[in-house]
Number of protein chains: 2
Amino acid sequence: MTPSQDLAPLQVTDSPEEKFREYLEIRGEKLTEPRRVLVNHIFNTHKHFDADELVADLRESGRRVSRSTVYRTLRLMVDAGLLRELRLTNRSAYEHSYGYPSHDHMHCTQCGAIVEFRNEEIRKLRELIGQEFGFRPDNHRFVITGQCSDCLKARGRRRKLDQI
Amino acid sequence: MTPSQDLAPLQVTDSPEEKFREYLEIRGEKLTEPRRVLVNHIFNTHKHFDADELVADLRESGRRVSRSTVYRTLRLMVDAGLLRELRLTNRSAYEHSYGYPSHDHMHCTQCGAIVEFRNEEIRKLRELIGQEFGFRPDNHRFVITGQCSDCLKARGRRRKLDQI
DNA sequence: TTGTGTGCAAAAGTTTTGCAGTTTT
DNA sequence: AAAACTGCAAAACTTTTGCACACAA
């Protein structure tokens, strides 16, 4: 998994499991055992992950859920507003959306690290631009790509060595 | 293809083909016939496209280039700074980068339209945030998702009909 | 002539789906 | 009991790669 720097969680009244149950109930769908396992596992640690890592993680911890169910449930959780989907590479990555402040990302193109940050200006900008074009924004993704501080340091070191 | 709203092109001295040749020459690589066909076809019209559409377009116009070569050349053109890769869905979309001002996108989640816009604040914000985290930005992607004006109008109409 | 590139077909990688059997309400 | 869900295997998609032949400098 790529390293990730975290923000402080928000206070929420419902647990993710409750929130998921509500979403499913409204649509006449069911909070089954595999779905409970998934929602709890996912919200147990705060990190970015993809479908494959999730399957592997679960398998390791003995609570096996099939790949199909993982994919189906991830989609549900995105629709339910519990998760957000990030498309930084060919495979989709996911992160907590529920109980976590809205934020954006810096993506290190060298080591793959994902660093989160919060900035209020972006949301204002998004509304402003939407108005200008008669577009109704419901979300946004802002990803800054470049090199993270660790890689910059490492590169500095390498440069010095090169000079010897 | 998804509709797209365009900005005015920039003035550039080299043609995309020239620019591509330069890039390839530096690396001891060659501007072959299929690569010329691709670079010219792509810069002939300004629109967002994906690998599949490109293959189909070319086939239709009689200038057939194999799928492998299309994929390989797209990667080269991105590296050469001619194209930018967008990951809005599972398949990568591409747009002109060379000879076209830097800009960002609104993506309509209903009809898939891509609307381009230019806003200077975003770049400033990106530098500011980079500084704050010791991150060296080299690029960014800012995508506002929501509903475009056309879909909002259509929805308005549908709502009225629903009330009858 | 010596790489480098192309096309094909096959593989690899990610995600979706049909279906038979199972679980949930 | 009815409806929804799961796991499996197979399929669907997108993208990459090995290889024999072709081409460009």
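So you know, we letter chains A, B, ... as the sequences are listed, proteins then strands, and number each from 1. Every value quoted in this text rests on a predicted model; they were computed, and no experiment measured them.
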- Between His46(A) (side chain) and Glu95(A) (backbone), is there a donor-acceptor pair under 3.5 Å? no

- Item | Under 4.0 angstrom between Tyr71(B) side-chain N/O and dT15(D) OP1 or OP2 | yes

- Task: Establish, with yes or no, whether the OP1 or OP2 oxygen of dG5(C) is under 4.0 angstrom from a side-chain nitrogen or oxygen of Arg35(B).
- Result: yes

- Is Arg64(B) near enough to dC8(C) that one of its side-chain N or O atoms lies under 4.0 angstrom from OP1 or OP2? yes

- hydrophobic_cluster_shared for Leu24(A) and Val39(A), side chain cutoff 4.5 Å: yes

- Where the side chain of Ser68(A) is concerned, which of dT15(C), dC8(D), dT6(D) is the nearest nucleotide? dC8(D)

- Task: Would you kindly compare Glu33(B) and Glu85(B) by the position of their nearest DNA chain D nucleotide and give the one closer to the 5′ end?
- Result: Glu85(B)

- Could you check whether Arg75(A) gets within reach of a base, just the sugar-phosphate, or nothing at all, counting any heavy atom under 4.0 Å? sugar-phosphate

- Side chain of Arg91(A) - closest among dT15(D), dT15(C), dC8(D): dT15(C)

- NA contact type, Arg72(B), heavy-atom cut-off 4.0 Å: base, sugar-phosphate, or nothing? base

- Any idea how Phe117(A) and Phe133(B) line up, ring-wise: parallel (<30°), tilted (30 to 60°), or perpendicular (>60°)? tilted

- Minimum-distance nucleotide to Lys30(B) side chain [options: dA25(D), dG7(C), dT17(C)]: dA25(D)

- Task: Classify the ring geometry between His103(A) and His105(A) as parallel (under 30°), tilted (30 to 60°) or perpendicular (over 60°).
- Result: perpendicular

- Message: I'd like to know if Thr69(A) reaches the base of dC5(D) with its side chain such that a donor and an acceptor end up less than 3.5 angstrom apart.
- Response: no

- Message: Looking at Ser92(A) and dT14(C), is any side-chain donor or acceptor paired with a base atom of the opposite kind under 3.5 Å?
- Response: no

- Task: Have a look at Thr32(A) and say if it touches a base, only the backbone sugar-phosphate, or nothing, with a 4.0 Å heavy-atom cut-off.
- Result: sugar-phosphate

